[in-house]
Amino acid sequence: MKSLFDISGKSIVVSGSTGVLAGALAKYFVRNGARVAFLGRSEERLKEATKGLDAISFACDVLDEDSLKRAREYIVGEFGTIDVLVNGAGGNMPGAVVPPNSSFFNLDFSAWKKVMDVNLGGTLLSTLVFGKIFEKKREGVVLNFSSMTSQSAVTRVMGYSNAKAGVDNLTKWLAVEFAKKFGEGVRVNAIAPGFFISEQNRTLLTNPDGSFTSRGLDVIKKTPFGRFGEADEIFGAAHFLVSDASKFVTGVVLPIDGGFSCFSGV
């Protein structure tokens, strides 16, 4: 009897797969027998990400509908279909952050809009393009990347927080829309990682000697596990949500945060 958790043979598209978390997840899916298409903007970084793996890649921009459509046609040509879309593309930029020595009124609106576009707009547009496959066959899974910054006010990261809060709402809205229009075979969920070290936030959270910065200490104090997450700690939750083990689960935003979301701080 086939395990409910068996994802071997599933065709999975992962955007943002040259990043730390989405990239690690894409590689995990490959190791577990899935047919995986890595999406990212850089051909060079995609080659590095897929080196030594039995996987395919396609360079595209999640804000460019034509390039996403070309990616979809290429992947369907290679795999025959698409079973899962993982919306892992996203990120932040300095102008959309409100640092301690600044004010909300110094926010760079154009930078805020770019962060909203890539995180929320990219998730929406990718789902519009790849979701057409799910509409046609009445089956498929969308897995979005949310964040702990979406669920409460995390200082500084205003644009990123706003965008990920939008991803939470979009996840729930699409879960209902797809179930009502296309049936129970099309599901939409999200994972919400807590604080993980990446190249983007390393210097914000840790010092060169590996000790915590004041910002890092603030996060650790609010995290009952008392540490930052490791990339492989998102694998189990993501695996569950893209597999048949979660076939009655939709509209869920699942925290992977070491208790950050349930702790009041006192």
Side-chain angles (χ1 to χ4, degrees), residues 7 10-30 34-50 53 55-79 81-93 114-134 140-147 150 160 163-164 166-168 170-171 174 178 186-193 196 198-200 231 234-235 237-239 241-242 253 256:
I7 60 170
K10 283 189 179 291
S11 300
I12 303 178
V13 176
V14 183
S15 72
S17 57
T18 58
V20 173
L21 294 184
L25 181 59
K27 292 175 183 177
Y28 169 82
F29 287 147
V30 173
R35 299 180 296 175
V36 182
F38 287 59
L39 301 187
R41 289 183 296 179
S42 167
E43 286 274 13
E44 184 177 343
R45 292 184 67 189
L46 283 170
K47 287 179 181 178
E48 181 63 28
T50 56
L53 297 177
I56 65 173
S57 65
F58 195 94
C60 67
D61 186 335
V62 295
L63 293 175
D64 182 336
E65 186 173 5
D66 288 339
S67 72
L68 286 171
K69 287 180 177 178
R70 290 193 296 272
R72 181 186 64 195
E73 298 314 306
Y74 170 71
I75 295 163
V76 171
E78 292 291 312
F79 292 161
T81 190
I82 296 169
D83 300 308
V84 178
L85 168 65
V86 178
N87 285 311
N92 203 0
M93 60 190 306
K114 288 176 182 177
V115 171
M116 290 292 291
D117 283 347
V118 71
N119 289 280
L120 179 56
T123 296
L124 175 58
L125 187 57
S126 296
T127 306
L128 279 168
V129 171
F130 289 100
K132 295 293 288 184
I133 303 294
F134 306 156
V141 173
V142 178
L143 180 64
N144 295 327
F145 265 72
S146 180
S147 166
S150 74
Y160 189 75
K164 291 303 187 182
V167 170
D168 284 5
L170 180 65
T171 297
L174 288 178
F178 288 176
V186 185
R187 301 185 292 108
V188 186
N189 292 294
I191 55 173
F196 292 70
S198 67
E199 292 310 309
Q200 193 173 54
I234 72 168
F235 297 167
H239 188 138
L241 290 173
V242 305
V253 180
I256 310 171

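Reckoned from all heavy atoms, side chains included, excluding hydrogens, waters and symmetry mates.
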Heavy atoms of other groups near K114 NZ, more than 12 under 6.0 Å
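No, the 6.0 Å shell around NZ holds no more than 12 heavy atoms from other groups.
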Can you sort out the partners of L124 under side-chain contact (heavy atoms from CB on, under 4.5 Å), two or more places apart, ordered by chain and number?
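Residues passing side-chain contact (heavy atoms from CB on, under 4.5 Å) with L124: L128, L170.
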Does F134 have any ring pair (Phe, Tyr, Trp, His ring centres under 6.0 Å) partners at least two apart in sequence or in another chain, and if so, which?
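Here no residue qualifies.
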Please enumerate all residues that pass ring pair (Phe, Tyr, Trp, His ring centres under 6.0 Å) together with Y28, with sequence neighbours excluded.
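Expected list: F235, H239.
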Is [Y] close to [X] at the side-chain level, that is, under 4.5 Å between some pair of heavy atoms?
X    : Y    : answer
L46  : F58  : no
V141 : L241 : no
V242 : I7   : yes
V76  : T81  : no
I75  : F130 : yes
P193 : L21  : yes

Kindly write out the residues that satisfy side-chain hydrogen bond (donor to acceptor under 3.5 Å, both in side chains) with [X], not counting sequence neighbours, or none if the list is empty.
X    : value
S126 : none
S67  : none
N144 : N87, T171
S150 : S146, D168

Residues two or more places apart in sequence or in another chain: which of them pass salt bridge (Lys or Arg N to Asp or Glu O under 4.0 Å) with [X]?
X    : result
D61  : none
E65  : K69
D117 : K113
K47  : none

Hey, is the main chain of [Y] close enough, under 3.5 Å, to the side chain of [X] for a donor-acceptor pair?
X    : Y    : value
R72  : V129 : yes
K164 : F145 : yes
N119 : G91  : yes

What pair of heavy atoms forms the shortest contact from [X] to [Y], and how long is it?
X    : Y    : result
S11  : F79  : OG-CB, 3.5 Å
L63  : G122 : CD2-N, 3.6 Å
V253 : A192 : CG1-CB, 3.9 Å
V30  : A55  : CG2-CB, 4.1 Å
A24  : A231 : CB-CB, 4.0 Å
S198 : V20  : CB-CG2, 4.0 Å

Which donor-acceptor pairs under 3.5 Å do the side chains of residues 36-43 make with protein atoms, sequence neighbours left out?
from	atom 1	to	atom 2	distance (Å)
S42	OG	E44	N	3.4
S42	OG	R45	N	3.1

Using 0.5 Å steps for rounding, measure from the [atom1] atom of [X] to the [atom2] atom of [Y].
X    : Y    : atom1 : atom2 : answer
I191 : I256 : CD1   : CD1   : 4.5 Å
I12  : R35  : CD1   : CZ    : 10.0 Å
S147 : F196 : OG    : CZ    : 10.0 Å

Assess the residue pair L68 and L125 against the criterion (side chain to side chain contact (heavy atoms under 4.5 Å, CB included)); give the C-alpha distance rounded to whole Å, side-chain angles, the decisive distance to 0.1 Å, and a yes or no.
CA-CA 9 Å; L68 286 171; L125 187 57; 3.7 Å; yes
Do K10 and F29 pass the side chain to side chain contact (heavy atoms under 4.5 Å, CB included) test, and can you show the C-alpha distance, the side-chain angles, and the key distance before you say yes or no?
CA-CA 9 Å; K10 283 189 179 291; F29 287 147; over 6 Å; no
Side chain to side chain contact (heavy atoms under 4.5 Å, CB included) for L25 and I234? Distances and angles first, verdict last.
CA-CA 8 Å; L25 181 59; I234 72 168; 4.1 Å; yes
